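This report refers to the structure that appears directly beneath it.
Hydrogens, waters and symmetry mates play no part in the numbers below; they use all other heavy atoms, side chains included. So that the names make sense, note that chain A is the first sequence line, chain B the second, and so on, each numbered from 1. Keep in mind it's a predicted model, so treat the numbers as computed, not measured.
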There are 4 protein chains.
Amino acid sequence: MQARTRMSSSPTTETAAPARRKRADALQNLDALLEAAKAVFAEAGVDAPVRTIAERAGVGVGTVYRHFPLRSDLISAVFRREMDACVDAADELEAAYPPGEALDRWVLRYTEFVAAKQGLAAALHSGDAAYEPLAEYFSTRLAPTLARLLAAARAAGAVEQEVDPTEFLGAVANLCHGTGPSTRGREHAERMVRLLLAGLRAS
Amino acid sequence: MQARTRMSSSPTTETAAPARRKRADALQNLDALLEAAKAVFAEAGVDAPVRTIAERAGVGVGTVYRHFPLRSDLISAVFRREMDACVDAADELEAAYPPGEALDRWVLRYTEFVAAKQGLAAALHSGDAAYEPLAEYFSTRLAPTLARLLAAARAAGAVEQEVDPTEFLGAVANLCHGTGPSTRGREHAERMVRLLLAGLRAS
Amino acid sequence: MQARTRMSSSPTTETAAPARRKRADALQNLDALLEAAKAVFAEAGVDAPVRTIAERAGVGVGTVYRHFPLRSDLISAVFRREMDACVDAADELEAAYPPGEALDRWVLRYTEFVAAKQGLAAALHSGDAAYEPLAEYFSTRLAPTLARLLAAARAAGAVEQEVDPTEFLGAVANLCHGTGPSTRGREHAERMVRLLLAGLRAS
Amino acid sequence: MQARTRMSSSPTTETAAPARRKRADALQNLDALLEAAKAVFAEAGVDAPVRTIAERAGVGVGTVYRHFPLRSDLISAVFRREMDACVDAADELEAAYPPGEALDRWVLRYTEFVAAKQGLAAALHSGDAAYEPLAEYFSTRLAPTLARLLAAARAAGAVEQEVDPTEFLGAVANLCHGTGPSTRGREHAERMVRLLLAGLRAS
DNA sequence: CATGAATGAGAGTTCATTCAT
DNA sequence: TATGAATGAACTCTCATTCAT
């Protein structure tokens, strides 16, 4: 019943094949869904009612279930995008800064990401088998990145302590827990993360 | 909520025994309730169904609501007791160890407590205004204790960094998040907490 | 929200213990529930929405689930009562008529019962494991009754064919399928059942 | 339901081939649909999700709705074909056997057909007005066939009882209810149908 | 004071049906 | 004409919370 945006591009200017149109709509919906989910997760956590997300995206609940049969599918999809961005940031930081500083900056960058995703850590630790894929993504994408940065920093003498990358990432995620989207919360998390980083340096 | 006619005669005119009995019963119930809640919270988190707790305690749900109108009241009551024990431990540690070590040992003691209380941190950060009293208890009992230990350690040159006690306590609580009652989880949390402590030492 | 009948018997005339009152209410509700379910099942089949039954009984859905966690529990309860009555009728018929006629009359009595319970046969054959208890009740209560009547009739030379009682009962139930509560439907079922009975007699 | 502009040029101006192709495709689809529906009905009953049928046939749901706007349309179409085969069988049986035996054999043949169509009887008796056409087909095709066989058998002295053909057919269909595709179920149904046939013979 | 039956809002999930492409 | 994405009504079931006894 919701009025879909009928962009109504004039027929003459339309160049894409008709078959594409359908896909375009679907993709648009999917995007709206991911955006909505991201927003709702940030506000109400990953346990927010499916209906809320559907409404926010302007679609029916059925559509959500069509694209993401499991809640975890949606969660994964939402977070994966940003995790990728986070992973990519490592390259730039490594190129621009010495190992120790690159490590710090990347961890802080990661902190920022996690802090903005209320409920991420909770989902990760929920024990719910549904979030396995998400956890796996952590291990296969983020952890290796941190491992690389750690190794470089240690080689440069900027880090003394041994630490398991996945464990460390989990700890940082946990430190962001409950720190709303407020600046105060952010700062709080950041301070604690810096303490953790300082700990790495200690002999 | 309307006060029903109190059919029972005034306490003064009653023989001591029945009155005692009643009070004793009530206290017993309350204790059973707290024990049950503690156990259930540990197993299923602080969001466990009220009925589960009531059944575990062998009382009706109504009784739970009578004693603890808000869920947070029950949670607070449950945790308060153990917090007190934790606070008390500080004295002994201060007497037995040098400031720096006393600090470490106490924080680890606190870590143990929090790790055993699945959901404590979550509740604390839930944003639900209902948990305010619990947070307050944190500030008024635990935080001053930590502040004292920190001050002593700093005076002894065992700590360099400045840190807000409440913030630090929250961070430690967060680090325990999702670390089930398993030994592995415990160790994981402990390792991260030690890192945090090491961070305090760094110049 | 539904206004419960507040019979409000004057306090002075009330003799039953207060504790009984609660039970009385509960039982009344349970009875209303069974009556409502019976009616709804007859009108809309055993797959009727739970809410419909709850509304008809004037209770909340939760109450239905409290008393009958599984849909099949409710169905069983509803039908059991009438099955018992049906079983009891056998004694009277046996006493009042010669074996062959007693058999006929009882089967017709049973036909009447089943015809009035739209959905009984369907549930029985749904394959849904949930209806097992109901099927079992068939085997343990009705089948033995029919077996007895058949044996007597055969001994008296009024029946020639061998037939498995449970199978026969199922067949009769099936014959009532789709015969609404109309007289026409009833008669239709009855005619076919008589044919079946006639078949028993054939050499 | 509004008629869309028929973009395709008129059939007459098109070359024969493409037109044929289209028709051929459509017919093929229709056939696949009927086959799929038959299979699905047999496995999951006539209430099976439309999508299941569409997938089985390798077409979109829209196609199902195009050919069979009402579910009953599909059901009717599916069963009609087999009913016709059943009707045709009567001729052969009449030619090959004496009236009494022809009757028995045909009824058993019909039993086989119905037993294989789980849900046919249910649909027939569902009360849903949508199945009227199917019921009508029963009356106009099968019932006359049975009537003919019955008349011949009666004329030959092989049947004593009067019985309405449609009613009898319905009864047989009902007896097949809930008898899965298993051999046991089949035999059960057959036994009961034989009893019914024996009843016809009784004086 | 305790009890636990009753209530009913709300969440998840499925599917018939429509309709833009 | 076929497709399948989207819709949303309808259903089941769970629990927090109230309140008569």
Which residues within residues 45-54 of chain D lie with some heavy atom under 4.0 Å of an atom in DNA chain F?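 Residues of residues 45-54 of chain D that come under 4.0 Å of DNA chain F are, in numerical order, D:Arg51.
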Compile the donor-acceptor pairs under 3.5 Å between side chains in residues 47-55 of chain A and protein atoms, sequence neighbours left out, one pair per line.
none

Quick one: [atom1] on [X] to [atom2] on [Y], what's the gap to the nearest 0.5 Å?
| X | Y | atom1 | atom2 | result |
| --- | --- | --- | --- | --- |
| B:Arg66 | B:Leu30 | CZ | CG | 11.5 Å |
| C:Arg56 | C:Lys38 | CZ | NZ | 11.5 Å |
| D:Phe79 | D:Leu74 | CZ | CG | 9.0 Å |
| B:Arg81 | B:Asp31 | CZ | CG | 5.5 Å |

On DNA chain E, nearest-nucleotide positions of C:His67 versus B:Gly60: which is more 5'?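 Nearest nucleotide further toward 5': that of B:Gly60.
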Given DNA chain E, 5'-ward residue of the pair A:Arg71 and C:Val64, judged by closest heavy atom: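 So the residue in question is C:Val64.
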Might you point out which heavy atoms bring [X] and [Y] nearest each other, and give the distance in Å?
| X | Y | value |
| --- | --- | --- |
| D:Leu33 | D:Thr63 | CD2-O, 4.3 Å |
| A:Leu34 | A:Phe68 | CD2-CZ, 4.0 Å |
| A:Val46 | A:Arg71 | O-NH1, 2.7 Å |

Phosphate OP1/OP2 of E:dA5 contacted by C:Thr63 side-chain N/O (<4.0 Å):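 For E:dA5, OP1/OP2 do not have a side-chain N/O of C:Thr63 under 4.0 Å.
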With respect to the phosphate group of E:dA5, does any side-chain polar atom (N or O) of C:Asn29 fall under 4.0 Å of OP1 or OP2?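 No, because none of the side-chain N or O atoms of C:Asn29 sits under 4.0 Å from OP1 or OP2 of E:dA5.
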For the pair made of [atom1] in [X] and [atom2] in [N], what is the distance, rounded to whole Å?
| X | N | atom1 | atom2 | result |
| --- | --- | --- | --- | --- |
| D:Glu55 | F:dA2 | CD | C1' | 16 Å |
| C:Tyr65 | E:dA9 | OH | C1' | 15 Å |
| B:Leu33 | E:dG4 | CG | P | 14 Å |
| C:Phe68 | F:dT12 | CZ | C1' | 17 Å |
| C:Gln28 | E:dA6 | CD | P | 11 Å |
| A:Leu30 | F:dT7 | CG | C1' | 16 Å |
| D:Arg66 | F:dT3 | CZ | P | 10 Å |
| A:Leu74 | E:dA11 | CG | P | 16 Å |

How does DNA chain E look in dot-bracket form if you count Watson-Crick and G-U pairs under 3.5 Å, write [ ] for pairs that cross, and put | where a base pairs with another strand? .||||||||||||||||||||
Please determine, for the side chain of C:Val59, which listed nucleotide (E:dT3, E:dT7, E:dT14) has the closest atom?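 Ranking E:dT3, E:dT7, E:dT14 by closest atom to the C:Val59 side chain puts E:dT7 first.
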